[in-house]
Structures are given as structure tokens and as C-alpha cells.
Amino acid sequence: MLILESPGNFRHRGAMSTQPRVRFAPSPTGQVHIGNIRAAIFNYLFARSQKGSFLLRVEDTDLERSTPEAIDGLMEVLEWLCLMPDEEPLFQSSQRGAHLTAAERLIADGHAYRHARTADEQPAVFFRIPCDAALYGDRLRVTETVEMPLFAGETLRMDATGISYVGVSRKGKPDPGASCLAGMADGVVYGAGDAVLFSLKDSLAAVLAGETVFESAEAVRIVFTRREIGFEDLVKGPLAKPLDSMKDLVIVRGDGSPVFHLANVCDDMTQGITHIIRGDDHVENTYRHIPLFLALGGTVPVYAHLPMIVNAQGKPYSKRDGDAFVGDFRAKGYLPEALFNYLTLLGWSPGDDREKMNRDELIAAFSLERVQRSAAQMDLQKCANLNGKYLQDLPDGVLFADVRDVLSRTEWGAALDEERTAAIATLMRPRMQTYADVLDWRYFVDGDFERQDTALKRGLGKAWQREAMAKIADALEAGASMDAARSAACAALELDDGKLNQPLRVCLTGQAGGPDLHEVLALLDPATLAARIRGTLDLLNAE
RNA sequence: GCCCCCAUCGUCUAGUGGCCUAGGACUUCGGGUUUUCAUCCCGGCAACAGGGGUUCGAGUCCCCUUGGGGGUGCCA
């Protein structure tokens, strides 16, 4: 009888081998950007939806710009949005030794070489895009035979570092170009009269070894088989790029410091990353990183490139753009779950009409296949609107505490007691979008609130409106109730009930809108009403 | 210049050849309830970039043009 492993064990092993590992890899230079954090969110959502791990790597190798403050800011933001990584973060700066070892190994394996482009430069380490098709497997595809005309009299050079040439542009002008050796590995150079000047195919080994250098100004054309490197992007579908449009790249600088490409790939290998989900400004890098993974003996991860988030002008966010830092949203009174939700909706949708979705719903609905291919623009109004919906659903206790917190930072609201805060917040909640709205609530506290020009114009622009307000103030001062005072004024001026509500609102709140006036009145100190009306009228008279 | 990518209302999006006289959301406008204001409810305006194909049939597939973005760094 066949004895199977215990089902538990078996399942566990299966899960281990397919468990995705993703990472968020920001460089901590300055504040965390909305675009960056969106990448983190999508990584997180993917990890959770696939029962995988969400890791953090701090790419802090730019010691000039990477500051401890920036790292703190990063962690704060991740915590605020509940995006904490599942394992200890890896600091890239700690991996320098590993990076350099990897570079040495690449050199030893013939995948990299030391080279100085000019005499006064320190030699750097260049990664050689591999020529050997076998290394790429099905990632390399032959597309066509290219016959490239060369500009007469210009020099063509082939050496261990690649090929430089001057082609002919569509307009017949000289068009300088360069390619890695892999791009034209079977190239044949022809001179005048179809004479073969050089065959790279036949001499490739010698050229790679640096034993042969071909240089000529007599070359007329070069013929080679175009090969392109491709991969299946989970968002964008099949993507490919011709090797002859690529050049060998520096992986260790002349000063001995590892370059992003090397560090990034090495770290992905040491962290065991299976899926790389990042902004689509990285697609070009992918064509170079794949050969690097291959040359390093690593497993090439699966890629998914997210579209960019652009600013109100439709341009990619730059460091200069305001409105783009995650910390600002926190300061402006956004709820983390609302911002999180809104950001998932930028470049992604669940496929149905749902918009307000909690984290579990988002995890359940998320898939990279549904990510948009084109850039998305942030709509602050829609974001605020969604935040408002989250505010409506907040338990009273949480809302009140948050409101008190905002109030505590104002000079006028710090002393407001709990009961009154709760009453005001309850009244105001349905119209709230962000906690920044609380800053407009001063009229509940004292008379030093801001009077909006448009409101003054609308509510008190006419003479009869001001006249009526003066009458109400008179009556109030004579001891009448607000109801009585207003009724009397309406009667005296032969106005319909309610005609005076708007002017009154403006006098008492400085705003044209707000909750039901009676409810506002109920929260105001009756003793100060007349004074507020007088104050507003005086303000108008003074102008 | 060369290489790569992208393209539905102002914005975020649904749409994977017939269910599309293109749906939802935000914004905006109008209406209803309302002694005012707002929440709310109802309704309107508003898009397949342009041109060619393929097909009985195209927003959906192909090509070109235009526009936008990215890359082409000893930046990340």
C-alpha cells in the first residue's frame, strides 16, 4: 500500500513553493509620494490576495540624499496606512558587500568587464548583455534580418565593449548609434561592392576576449539578425525590445560603488522576490534586469508595471508638486482607509460599480490583470468625497475623538468640552468631507469667525435684509426670544416666513450654507446673538 | 534622432466583436422635500483622438497618423 505524506505537510510544501513574495522598494529621499505609496498598496494587495508576503526594502544607497528623517517618515506613512511589511526591512546599504561580490562573479564568468571610457576616468564594471541565446531560453526571439546602411566615411567599431557606428537617418543625415555585441552577434560588415569586411559571427569569441578589434571607415552596411528580449507583463501583456537598441551597462562605478541596477537585482534575489510590481517608468530597466538575473543564476521574477499617477496638469508628479505627499493627506484630515481606498481606484477597478470598499473587499477583488494600462490623474474632489463617505460610517466615539484632536490644535477650539463637541460634530457630520472642515466651525464657539464675501453679498446685499437684521437685534436686546424677534421683523416688513433665515445665517455664521438654522441656533449662546448681528452689520457699514 | 509604452465623458472608470441609441462615480446644472441651508432623492449636460482596413457586424481585432508618457546616465 502506498503511504502518502500527511496531507498537512503536503499542502504546506505546495504552498511554500508557490507563495509569492513581493516588495516595496522606495529610496528614502524626501517625503513619500502618492505614486510611490500606490505601488506599495498594489504590492500589498497582491501579496494578501495571493497569500504571499509583502516585504520592504529601503534603497538607501544614495547616502547624500537618504536621511534618517526620510526613513522615519517612510515608516510613519506605512504604519498610518497599515502597510507594515511581513518581514524585517532590508536596507540596501547593508548589502554593498554582496553587490560587489556579485559583480566580481560576473566578471569571473565573463558576464562583465572593467572598462574606462576615457583615459582620465576610473574604470567601471560593465555588465555585458549576454550574447548566448541559450541563456535567455524563450525570452529571446528572432524577429527579422536587418540590413543597416552606414554613413559613408564614418567609423564603425566593434570591440569587447560593443559596437559603435553611424547609420543613415530617414533624411539621409548621419545617425550615430551603438549596440551591445549581443544585439548584432551574427553581424556581417560589408564594404563597397559587397565585399565582406568583417564577420562578427566568426570572430565573436575573439572580440569578446578583447583579442580582436575591428575598426573601419570603409564599411557600407551591416547585416544582422535582429533578436529581441521579451517578457510577459502581468499588466501590459507581452513586451519586447530589440537587443541592438541596448548597450552594456555600468553596474559598479569607477569609485567602487554599486549602481542601482546591480543592487536592485541582487537584493531581489536575496529577498527571494517572485513578483516585481512597480511603476511603469521601470519597464526599460526590466529589459536589462532580466539578463542580469540570468547571468547571476537567479530566477527571473514575474513583472507587473503599474501606470503612473499624474498631476492636475497631466504631467508626472515631480518633487515640486504639492498635493502629492502622503503626509499632507494625513495633515489635511483624510482617513487612511479612505486614502487607501481611493488610491486603489486609480488605475484599477473591481470590474463592477463598487467604489467604497474596505480592505478585505479590496483584497478579495484585487487582480493585476484588472490594472489599467494608462496613466491616471488624481481627482482631489473625488478623493475628498470618498473620505466623506468613510466619515459618515465612523463610530461616534472615533469621530468625536478625531474632531477633538483637530480642535485641540486651534486656539479657539481647544477648550471646547466633550459634550458640546459631540453635539456639534453630530450636527455637522453629514456634510463633512475631511477633518479640515472642522476649521470652519468657529462660529459655534465665538464671534471671531470669518465672514465670507459671497455669503455677505447673498444674505445681506439688499437694504431690507440689513434693516430686518437691525430690527431683530433691537428686539433681542429688548429681551425678546429669537423666534419672537424674527416673527416680529417678518410681520413689520411684510415678509414671508423664512425670508429672514438666510440673512440671519450669514450674520450668525458668516457662511451661506450649513445645517438647519434652528439646530445651529440651538447650539449658540442666546446672549451673544444680538452682538453677532450688530457686528456683521457694522462690518458691512464700515466698507 | 532611435527604442519602448499608452489613448472611452473635464476627472476616475465599466466595456475582452452583436446585451452600447456606451453604464457607474466625482464635478457641474436642474427639480423634489424644506420657514432657510444642507444632507437626501430624482433628473439633465458630457466621451469611444483622427483615418484606413478585417468582419454580416468594431469602443472592442489589425495598420497608419496625431497626441501623451517613459527610456536612451559611472540617477534611482
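Per chain, numbering begins at 1; letters A, B, ... match sequence-line order.
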Taking atom [atom1] in both [N] and [M], compute the distance separating them and give it to the nearest angstrom.
N: A38(B); M: U27(B); atom1: P; value: 14 Å
N: G30(B); M: C63(B); atom1: C1'; value: 46 Å
N: A46(B); M: C9(B); atom1: C1'; value: 5 Å
N: U39(B); M: G57(B); atom1: P; value: 50 Å
N: U60(B); M: A22(B); atom1: P; value: 16 Å
N: C45(B); M: C29(B); atom1: P; value: 16 Å
N: G59(B); M: U16(B); atom1: P; value: 13 Å
N: U65(B); M: U28(B); atom1: P; value: 41 Å

Residue matched to [N] through Watson-Crick or wobble contacts both under 3.5 angstrom:
N: A7(B); value: U66(B)
N: G17(B); value: none
N: C48(B); value: none

*Looking at R253(A) and D255(A), does any basic side-chain N land under 4.0 Å from a carboxylate oxygen?*
no
Would you indicate what [X] reaches in the nucleic acid, counting non-hydrogen atoms under 4.0 angstrom: base, sugar-phosphate, or nothing?
X: L504(A); result: nothing
X: A384(A); result: nothing
X: P242(A); result: sugar-phosphate

*asked:* Keeping R288(A) on the side-chain end and M246(A) on the backbone end, is there a donor-acceptor pair under 3.5 Å?
replied: no
*Would you check if the side chain of N341(A) reaches a backbone N or O of M357(A) as a donor-acceptor pair within less than 3.5 Å?*
yes
*When the ring centroid of H289(A) is compared with that of F127(A), is the distance short of 6.0 Å?*
no
*Can you list the residues that meet the ring pair (Phe, Tyr, Trp, His ring centres under 6.0 Å) rule with H115(A), with sequence neighbours excluded?*
F126(A)
*Can you name the residues that form a ring pair (Phe, Tyr, Trp, His ring centres under 6.0 Å) with F231(A), not counting sequence neighbours?*
Y287(A), Y303(A)
*asked:* Walk me through whether L243(A) and M184(A) qualify under side-chain contact (heavy atoms from CB on, under 4.5 Å).
replied: CA-CA 8 Å; L243(A) 285 186; M184(A) 301 182 179; over 6 Å; no
Which residues share a salt bridge (charged side-chain N to carboxylate O under 4.0 Å, His left out) with [X], sequence neighbours left out:
X: R157(A); result: D159(A), E215(A)
X: D268(A); result: R23(A), R57(A)
X: D233(A); result: none

*For RNA chain B, which residues in residues 224-232 of chain A have a heavy atom at a distance below 4.0 Å?*
none
*Do any of residues 163-177 of chain A sit with a heavy atom less than 4.0 Å from RNA chain B, and if so which?*
R170(A), D175(A)
*What integer distance in Å separates K315(A):NZ from G67(B):P?*
13 Å
Go along [range] 5' to 3' and tag each nucleotide: B for a protein heavy atom under 4.0 Å from its base, S when only backbone or sugar atoms are that close, - otherwise.
range: nucleotides 12-27 of chain B; answer: BSSS--------BBBS
range: nucleotides 30-39 of chain B; answer: -----BBBSS
range: nucleotides 70-76 of chain B; answer: BSSSBSB

*Evaluate the salt bridge (charged side-chain N to carboxylate O under 4.0 Å, His left out) criterion for residues K241(A) and E284(A): first the C-alpha distance (whole Å), next the side-chain angles of each, then the deciding distance (0.1 Å), finally the verdict.*
CA-CA 9 Å; K241(A) 185 184 179 73; E284(A) 294 290 328; 3.0 Å; yes
Against the six-membered ring of [Y], is [X] placed for a cation-pi contact (under 6.0 Å from the centre, within 45° of the normal)?
X: R38(A); Y: F42(A); value: yes
X: R451(A); Y: F449(A); value: yes
X: K356(A); Y: Y390(A); value: yes

Exercise answer: donor-acceptor pairs, residues 162-177 of chain A side-chain atoms, under 3.5 Å, sequence neighbours excluded:
unit_1  : atom_1 : unit_2  : atom_2 : d
S169(A) : OG     : K171(A) : N      : 3.3
S169(A) : OG     : K173(A) : N      : 3.1
S169(A) : OG     : K173(A) : O      : 3.4

*Please, which pairs that meet side chain to side chain donor-acceptor pair (under 3.5 Å) have at least one residue in residues 371-380 of chain A, sequence neighbours excluded?*
none
*Decide yes or no on side chain to side chain donor-acceptor pair (under 3.5 Å) for T286(A) and H305(A), but give the supporting numbers first.*
CA-CA 10 Å; T286(A) 306; H305(A) 286 96; 3.1 Å; yes
